[in-house]
Undergrad: 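This is the structure, below, for whatever I ask next.
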Amino acid sequence: MLEEKRLKKEAENAISWIKEYVERANAKGIIIGNSGGKDSATVLAMAVKAIGKEKVLSVFMPCFSSKNDFEDAKLVSECFKVQLLKVDLSNSFMEMEKEINNQIKGELIKESTINMKPRLRMTTLYAIAQTLGYLVIGTGNLCEAMVGYTTKWGDNSSDFNPIANFTVNEVIKIGEWLEVPEKILRKPPDDGLGGRTDEEKMGIKYNQIEQMIETGNISEEDIKQEIIKRYKASKHKRNLVPSYKFDRKNCLKEI
């Protein structure tokens with residue numbers, strides 16, 4: 001983890017960056033997917049500090065989700081006095097899955113159906129954002145990105161992301177400074193999509209990923225190799241869409 005003085009400075013800079021980014025985009029506010037987890041709660045707190053609670057809108061989007069998640073999302077929104085919308089995507093998900101299965105005359109694999117949910121959520125956020133003139137703020141941290149624990153065009157999509165270069169423990173520390181409820185910061189990370197915690201699904205602990213980020217090495221050789229493998233395999237999630245390029249005249253590039 002970054003040394004405390006440095007972390008505080010970078011957190012303050014990230015909060016200022018949020019304000020500047022919104023102003024440069026001439027946006028009316030920010031919309032955030034409020035899952036009731038530490039990442040979204042910390043980003044929400046940062047956004048409130050940056051532009052004020054009146055310009056921050058949070059959205060809880062259950063899709064056969066735990067009732068506890070909604071209670072946690074409500075706790076976060078109430079703590080920072082931010083409006084909370086609830087858009088239930090369960091029926092939309094079922095109809096979409098049914099229609100696709102009918103067309104392919106089979107059944108989507110489990111990972112496909114799991115990833116449909118964050119993509120539906122991001123579609124929801126962008127629909128509301130475009131209508132209101134808001135920006136979608138991202139909530140993914142560095143540890144998740146390094147091992148590809150994100151859904152392409154789902155939770156790894158946004159207009160901008162203030163915590164993309166902070167590790168899990170750094171996000172928690174920032175959340176503490178901004179007075180995010182302890183219950184939210186300390187509950188086991190869970191994307192709400194598979195009934196298990198993030199670390200159970202990955203078979204890797206966030207502390208191990210963080211150590212690899214900071215030192216390039218950990219004592220458990222098998223875990224080290226697994227992290228390296230996932231890092232290389234998920235490169236496509238961290239880069240823009242590849243496009244075929246060739247030399248051609250394009251006067252717009254000179255404007």
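One-based numbering along the sequence shown.
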Undergrad: When you measure from the side chain of Lys187 to the backbone N and O of Gly36, does any donor-acceptor pair fall under 3.5 Å?
TA: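 Pair found, side chain donor or acceptor close to backbone of Gly36.
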
Undergrad: Quick check on the hydrophobic clustering: are Val76 and Leu178 connected, directly or via other members, by side-chain heavy-atom contacts under 4.5 Å?
TA: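 In one cluster: yes.
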
Undergrad: Going from CG on Leu125 to CG on Asp159, what distance comes out if it is rounded to the nearest 0.5 angstrom?
TA: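 So the gap between those two atoms works out to 10.0 Å.
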
Undergrad: For Asn161 and Gly140, indicate whether the former's side chain and the latter's backbone hold a donor-acceptor pair under 3.5 Å.
TA: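 Present.
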
Undergrad: Side-chain contact, heavy-atom cut-off 4.5 Å: Asp69 with Pro62?
TA: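 The answer is no, as the side chains (C-beta and beyond) never meet within the 4.5 Å cut-off.
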
Undergrad: Would you indicate whether the side-chain heavy atoms of Glu226 and Ile204 approach each other to under 4.5 Å?
TA: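 They are in side-chain contact.
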
Undergrad: Tell me whether Gln225 contacts the main-chain N or O of Asp222 through its side chain, where contact means a donor paired with an acceptor under 3.5 Å.
TA: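 Looks like no, no N/O pair under 3.5 Å.
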
Undergrad: If I take atom CD1 from residue Ile128 and atom OG1 from residue Thr123, how far apart are they, to the nearest 0.5 angstrom?
TA: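 Those atoms lie 11.0 Å apart.
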
Undergrad: State whether a side-chain donor-acceptor pair under 3.5 Å links Ser58 with Ser77.
TA: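 Distance-only check fails for Ser58 and Ser77.
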
Undergrad: Heavy-atom distance under 4.5 Å between the side chains of Leu44 and Val82, does that happen here?
TA: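 In contact.
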
Undergrad: Walk me through whether Lys55 and Lys28 qualify under side-chain contact (heavy atoms from CB on, under 4.5 Å).
TA: CA-CA 7 Å; Lys55 294 183 179 180; Lys28 295 178 181 178; over 6 Å; no

Undergrad: Is it possible for you to check whether Lys86 lies under 6.0 Å from the centre of the six-membered ring of Phe70, through NZ or CZ, and within 45° of that ring's axis?
TA: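 Cation-pi check for Lys86 and Phe70: passes.
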
Undergrad: Is it true that, when you exclude Arg6 itself, more than 12 heavy atoms of the residues, nucleotides or ligands shown sit nearer than 6.0 Å to its CZ?
TA: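 No, CZ of Arg6 has 12 or fewer neighbouring heavy atoms, counting only those of other groups under 6.0 Å.
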
Undergrad: Any side-chain heavy-atom pair from Tyr134 and Ile31 closer than 4.5 angstrom?
TA: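 Tyr134 reaches Ile31 side chain to side chain.
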
Undergrad: Shortest non-hydrogen contact from Arg230 to Met202?
TA: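 Shortest heavy-atom separation between Arg230 and Met202 comes out as NH2-O, 2.8 Å.
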
Undergrad: Does a salt bridge link Lys67 with Glu71, judged by any charged N lying under 4.0 Å from a carboxylate O?
TA: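 No, this pair does not count.
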
Undergrad: Which heavy atom of Phe160 sits nearest a heavy atom of Val22, and at what distance?
TA: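 Scanning both residues completely, I find the closest heavy atoms to be CZ-CG2, 4.1 Å.
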
Undergrad: With a 3.5 Å distance limit and no angle check, can you tell me whether Ser234 reaches the backbone of Lys237 through a side-chain donor-acceptor pair?
TA: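 Answer holds: no.
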
Undergrad: Less than 3.5 Å apart, any donor N or O on the side chain of Glu144 or Thr150 sitting next to an acceptor on the other?
TA: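 The answer is no; no qualifying pair exists.
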
Undergrad: Determine the minimum heavy-atom distance between Thr151 and Pro118, stating which atoms define it.
TA: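 The answer is OG1-CG, 3.4 Å.
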
Undergrad: Is a donor on one side and an acceptor on the other found under 3.5 Å between the side chain of Glu170 and the backbone of Thr167?
TA: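 At least one qualifying donor-acceptor pair exists.
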
Undergrad: Around Lys19, counting heavy atoms of other residues, nucleotides and ligands shown, do more than 12 lie under 6.0 Å from its NZ?
TA: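 Atom NZ in Lys19 is not packed in, count stays at 12 or less.
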
Undergrad: Would you please test Val168 and Val171 for side-chain contact (heavy atoms from CB on, under 4.5 Å) and show each step?
TA: CA-CA 5 Å; Val168 168; Val171 170; 5.8 Å; no

Undergrad: Is a side-chain donor-acceptor pair under 3.5 Å present for Lys110 with Ser112?
TA: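 No pair is found: no donor N or O on one side chain lies under 3.5 Å from an acceptor on the other.
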
Undergrad: Please step through side-chain contact (heavy atoms from CB on, under 4.5 Å) for the pair Ile114 and Glu111, ending with a clear verdict.
TA: CA-CA 5 Å; Ile114 288 174; Glu111 285 302 311; 4.0 Å; yes

Undergrad: Of all heavy-atom pairs between Met116 and Glu97, which one has the smallest distance, and what is that distance?
TA: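 The answer is CE-N, 3.9 Å.
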
Undergrad: Checking the side chain of Glu220 only, and the main-chain atoms of Ile223 only, is there a donor and an acceptor separated by less than 3.5 Å?
TA: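 Absent.
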
Undergrad: Identify the two heavy atoms, one from Trp153 and one from Arg119, that lie closest to each other, and give their separation to 0.1 Å.
TA: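 The pair with the smallest heavy-atom distance is O-CG, 3.6 Å.
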
Undergrad: Give a yes or no answer on whether the side chain of Gln208 reaches the backbone of Lys205 with a donor-acceptor pair at less than 3.5 Å.
TA: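 Yes, because the side chain of Gln208 sits within donor-acceptor range (under 3.5 Å) of the backbone of Lys205.
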
Undergrad: To the nearest 0.5 Å, tell me how far Ile30 CD1 sits from Met46 CE.
TA: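 It comes to 10.0 Å.
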
Undergrad: Less than 4.5 Å apart, any side-chain heavy atom of Arg121 and any of Cys63?
TA: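 Arg121 vs Cys63: side chains touch.
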
Undergrad: Would you give the length of the straight line joining atom CE of Met96 to atom CG of Asn91, rounded to the nearest 0.5 angstrom?
TA: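 Met96 atom CE to Asn91 atom CG measures 14.5 Å (nearest 0.5 Å).
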
Undergrad: Going hydrophobic residue to hydrophobic residue with side-chain gaps under 4.5 angstrom, can you get from Met122 over to Leu84?
TA: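 Each belongs to a different hydrophobic cluster.
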
Undergrad: Could you check whether Asp39 and Thr139, counting side-chain N and O atoms only, form a donor-acceptor pair closer than 3.5 Å?
TA: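 There is no such pair between these side chains.
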
Undergrad: Within a reach of under 6.0 Å around CD of Glu179, are more than 12 heavy atoms found that belong to other residues, nucleotides or ligands?
TA: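 Check fails, neighbour count at 12 or below.
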
Undergrad: Is it the case that Thr215 and Asn217 place a side-chain donor and acceptor less than 3.5 Å from each other?
TA: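 Absent: no donor and acceptor within the cut-off.
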
Undergrad: Does some side-chain heavy atom of Met212 sit less than 4.5 Å from a side-chain heavy atom of Tyr231?
TA: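 Tyr231 does not reach Met212 side chain to side chain.
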
Undergrad: Within this structure, what is the CD1-CG distance for the pair Ile163 and Leu142, rounded to the nearest 0.5 Å?
TA: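 Reported value, rounded in 0.5 Å steps: 10.0 Å.
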
Undergrad: Side chain of Asn101, backbone of Leu108: donor and acceptor closer than 3.5 Å?
TA: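 At least one qualifying donor-acceptor pair exists.
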
Undergrad: Could you measure the distance from the OG1 atom of Thr124 to the CG atom of Asp88? Nearest 0.5 Å is fine.
TA: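 Here the rounded value is 10.5 Å.
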
Undergrad: In terms of hydrophobic clusters joined by side-chain contacts under 4.5 Å, are Phe64 and Phe60 together?
TA: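 No, because Phe64 and Phe60 fall into different hydrophobic clusters, even though each may have its own neighbours under 4.5 Å.
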
Undergrad: Can you check whether Val180 reaches Cys79 side chain to side chain, under 4.5 Å on heavy atoms?
TA: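 No; the side chains remain at least 4.5 Å from each other.
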
Undergrad: Tyr206 ring centre to Lys38 NZ or CZ under 6.0 Å, with the angle to the axis within 45°?
TA: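 Yes, cation above the ring, under 6.0 Å and within 45°.
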
Undergrad: Answer yes or no for Lys117 and Phe93: cation-pi contact, defined as NZ/CZ to six-membered ring centre under 6.0 Å and angle to ring axis within 45°.
TA: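 Relative to the ring axis of Phe93, which defines the angle, Lys117 lies inside both limits.
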
Undergrad: Looking only at heavy atoms, what is the nearest atom pair of Phe80 and Lys53, with distance?
TA: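 What the structure gives for the nearest pair is O-CB, 3.7 Å.
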
Undergrad: Is the closest basic N to carboxylate O distance between Glu176 and Lys173 below 4.0 Å?
TA: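 Counted as a salt bridge, because a side-chain N and a carboxylate O are separated by less than 4.0 Å.
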
Undergrad: Run Lys9 and Lys5 through side-chain contact (heavy atoms from CB on, under 4.5 Å) and show every step you take.
TA: CA-CA 6 Å; Lys9 179 177 174 56; Lys5 185 177 179 181; over 6 Å; no

Undergrad: Group every Ile, Leu, Val, Met, Phe, Trp and Tyr by side-chain heavy-atom contacts under 4.5 Å, then state whether Leu7 and Val43 land in the same group.
TA: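 Per the 4.5 Å side-chain linkage, Leu7 and Val43 are co-clustered.
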
Undergrad: Any non-hydrogen side-chain atom of Asn34 less than 4.5 Å from a side-chain atom of Lys74?
TA: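 In short, these two side chains do not touch, never coming nearer than 4.5 Å.
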
